[in-house]
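Shown next, in structure tokens, is the structure this report addresses.
In this text, all values refer to a predicted model and were calculated from it rather than measured experimentally.
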Amino acid sequence: MKGDKSFNKKKGKNSTFKDIIYGLKILNKYSKGLVLTRVLAMFGFWFFTGFIEEILFLKYLLNALENGASFMEFVKICLIFLGLSILGKFLLNYFDYLTCVKHKVFYKKMNEKIFQKAKNLDMDCFYNPEFFDKYKRATEVITDNHFDNFAYAFSCVVVGGFTGIFLVAYVVSVDPKMLLLLLTGLIVVAFEGVKSKLNINKDKEMTIHKRSKAYIKRTIYLREFSKDMRTSGVYGVLHKRFEDAVNKNREIIKKYGYKIALLEMMTGLFGMALPVATSYAYATYRYVVKRNLALSDFSVIVTAMNNLKDVVNDLSDGISTVKRESMYFKNLVEFLEYENKVVNGTKIADEFKTLEFKNVTFTYPEAKEPTLKNFDFKLDKGQTVAIVGENGAGKSTFVKLLLRFYDVTSGEILYNGVNIKEYDIDSLRERISTVFQDYKVFALSVAENVLCKEIETNEELIKAVEAMKNSGAYDFVENLPEKENTVITREFDEKGVGLSGGEQQKLAVARVFAGNTDLAILDEPSSAFDPVAEYKMYENLIEATKDKTVIYISHRLSSAVLSDKIFVISDGTVKESGSHKELMDLNGIYSNMFTLQAESYKNSERSVS
């Protein structure tokens, strides 16, 4: 057991050292010279101000006064130190400016790194609360300026140590006994180390409650939740959850607060009160009682000890901050070094020819039962296929597996006869246009929402308009204030507009018409449409995709009638397949679903009339 404890202790020390090295490497990698410029800026302040101006200048001035120096000698001393002071201020301001510039470069590149990593994460990560907490803590390393604090603290340690050596050397040269008064600094360092660990643990325990608060704040302000907020009791539930999160964080702060406050008090006592009082008393005793200390040495030693006290405190605080901030880097390392379970291939996907699911079984992480079981499916170029079934049958899972949001549990998916695991994921997805069941529109212009890119040419704008006409979206877009240039939502534009669910869905479907891809997949693309608009949209889509391959996924059967082949999914497997006529003649699941939906439409028409 003792061996285990010593091993863990050693491992902890090594881990802290590695975290510090990691922080320095990251700072230098994404903004070369950042730490150096921060050190030089600090050097301009501490060394020139704390040692040269306040110690050496005072020493030389008082010595000159005691030795009866001439006026010109005083002027000469003043001019020399004035020049050094100007040099120090120049270094401080110049390198401070460079540091600000380099910090902006660093945060820009680091945010890009985190965004890119988040974009390529396994889909499962976004449904894993534990991993989501890691993601939040990783982003907080950037948003809460932990790297900035780390760089500043590290420069304090480097320059503080350098300045401290000169101050200690001077104080010891006057009286070696003064060195005993500096030992309190070691106690301060120990206190700061304990305080850092307490702060880290406190922040870690508060993460989940912070995330809960952030979600509730965001939800209350979002337009899509506004109606439910005003017409149901959900606001009360969310408000109660918010209060619970606040209260739990208060309990955590209280739990650690007393200990941190006590350590702060002890740090102030040993870092400021004791060294200042004892050094002043000792210097006064030698000057007044013993009379073995010159006035110049008395004045300078008091100033030096006061400055040294500040240096020791800043140095201990810097060491503590470096250790504390480096601990946060673990969160960033865990996030950035996460290895996806869905491994990218190297083969570039070429033009679509065939797609086949061969005996595919898939179970979601943490699920007990598979969603797809022994699923078989075959699609050739130019076919229009409908995958139908009740909600929860596994239709959307089909899309997620094809796009490699997840990998199959068993079986294989073949694109042009090659297992999709061998393909570069981006190249595979670029061959497929997809409208998801939970489609989203963004706070961008209508045209940008359709092309999903910045509009740079008039040809691109025409392409977006043509796509909207095919999906039926242009019927309402042409009446918007800025037509296709109108921004959706007013979050960033006062002239922005809000769209209904059906309007948003038509915009999402327009993306398929605009996509220059071989294979188009529409997952419940018309759930917000009425039957007439739905049928018209499918007619337009089939006309616009004559040379393409289209897969419709729906529990509504308007698309099925117009499809070359229909696959009926139930309980995660294909129960029936064939044309509309073949399945109606079969008088099975599809025939029953179609008859029920047709009757529902007729009843709806009668009630309207």
Min side-chain heavy-atom separation Leu332-Ile114 under 4.5 Å: yes
Crowding at NZ, Lys113 (>12 non-hydrogen neighbours, <6.0 Å): no
Side chain to side chain, Thr346 and Glu422, heavy atoms closer than 4.5 Å: no
Where Leu461 and Ala447 come nearest, the two heavy atoms and their spacing: CD1-CB, 3.7 Å
Other residues, nucleotides, ligands: >12 heavy atoms within 6.0 Å of Lys104 NZ: no
Pair Phe594-Met584, side-chain contact (heavy atoms from CB on, under 4.5 Å): steps then yes or no: CA-CA 8 Å; Phe594 189 86; Met584 290 300 290; 4.0 Å; yes
Over 12 foreign heavy atoms within 6.0 Å of NZ, Lys117: yes
Ring centroid separation Phe398 to Phe357 under 6.0 Å: yes
side-chain contact (heavy atoms from CB on, under 4.5 Å) between Ile521 and Leu402, intermediate numbers included: CA-CA 10 Å; Ile521 302 177; Leu402 175 57; 3.3 Å; yes
From CG (Leu372) to CZ (Phe377), nearest 0.5 Å: 12.0 Å
Nearest-0.5 Å distance that lies between atom NZ in Lys378 and atom CZ in Phe567: 10.0 Å
Short side-chain to backbone donor-acceptor contact, Thr384 and Val550, under 3.5 Å: no
Gap between atom CG of Leu355 and atom OG1 of Thr549 - 0.5 Å precision: 9.5 Å
Within-4.5 Å side-chain heavy-atom neighbours: Met468 and Val450: yes
Reference residue Ile432; test side chain to side chain contact (heavy atoms under 4.5 Å, CB included); the match among Val399, Ile551, Leu403: Leu403
Side-chain donor/acceptor of Asn28 to backbone N/O of Leu24, under 3.5 Å: no
Test item: Tyr474 and Lys483 side chains (from C-beta on) under 4.5 Å apart, heavy atoms: yes
Any donor-acceptor pair under 3.5 Å from Lys358 side chain to Asp376 backbone: no
Pairwise side-chain contact, Leu27 with Phe147, heavy-atom cut-off 4.5 Å (strictly under): yes
Candidate list Lys108, Gln116, Lys109, test side chain to side chain donor-acceptor pair (under 3.5 Å), partner Glu112, passing option: Lys108
Shortest non-hydrogen contact from Ala349 toward Ser427: N-OG, 3.1 Å
Side chain proximity check, Val477 to Thr486, heavy atoms < 4.5 angstrom: no
Ser579 (side chain) donor-acceptor with Asp564 (main chain) under 3.5 angstrom: no
Distance flag, aromatic centroids of Tyr152 and Phe150, threshold under 6.0 Å: no
Heavy atoms of other groups near Arg241 CZ, more than 12 under 6.0 Å: no
Approximate separation, where rounding is to 0.5 Å, of Glu576 CD and Ser591 OG: 8.5 Å
Test side-chain contact (heavy atoms from CB on, under 4.5 Å) applied to Val360 and Ile413, step by step: CA-CA 7 Å; Val360 168; Ile413 302 172; 4.0 Å; yes
Donor on one side chain, acceptor on other, Asp350 and Asn416, under 3.5 Å: yes
Close side-chain approach of Leu34 and Leu98, heavy atoms under 4.5 Å: no
Qualifying residue, where the test is side chain to side chain contact (heavy atoms under 4.5 Å, CB included) with Lys347 and the options are Asp424, Asn419, Leu428, Val418: Val418
Modelled atom types, side-chain donor and acceptor of Asn340 and Asn120, under 3.5 Å: no
Validation row: Leu414, Ile420 side chains within 4.5 angstrom (heavy atoms): no
Contact summary for Phe442 and Asn449, nearest pair of heavy atoms: N-OD1, 2.8 Å
CG on Leu586 to NZ on Lys575, rounded to 0.5 Å: 13.0 Å
Six-ring centre of Tyr406, Lys400 cation under 6.0 angstrom, axis tolerance 45°: no
Side-chain donor or acceptor of Tyr423 paired with backbone N/O of Tyr415 under 3.5 Å: yes
Charged N-O contact under 4.0 Å between Glu351 and Arg431: no
Minimum-distance pair of heavy atoms, taken over all atoms of Ser570 and Ile589: CB-CD1, 4.4 Å
Nearest non-hydrogen partners of Thr354 and Gly417, listed with the distance: OG1-N, 3.7 Å
Thr409 side chain vs Thr363 backbone, donor-acceptor pair below 3.5 Å: yes
Salt-bridge contact Arg404-Asp122 (side-chain N to carboxylate O under 4.0 Å): no
Shortest non-hydrogen contact from Val465 toward Glu484: CG2-CD, 3.8 Å
Test: Glu459 and Lys463 ion pair at under 4.0 Å: no
More than 12 heavy atoms from other groups under 6.0 Å of NZ on Lys341: no
Stepwise side-chain contact (heavy atoms from CB on, under 4.5 Å) check, Val487 with Leu444: CA-CA 5 Å; Val487 173; Leu444 304 169; over 6 Å; no
Exam field: side chain Glu460 to backbone Glu456, donor-acceptor pair closer than 3.5 Å: yes
Aromatic ring proximity, centroids under 6.0 angstrom, Tyr590 and His580: yes
Lys/Arg-Asp/Glu bridge criterion (N-O < 4.0 Å) met for Glu412, Lys421: no
Approximate separation, where rounding is to 0.5 Å, of Ser577 OG and Ile569 CD1: 11.0 Å
Whether His103 and Phe106 hold their rings parallel, tilted or perpendicular, with breakpoints at 30° and 60°: perpendicular
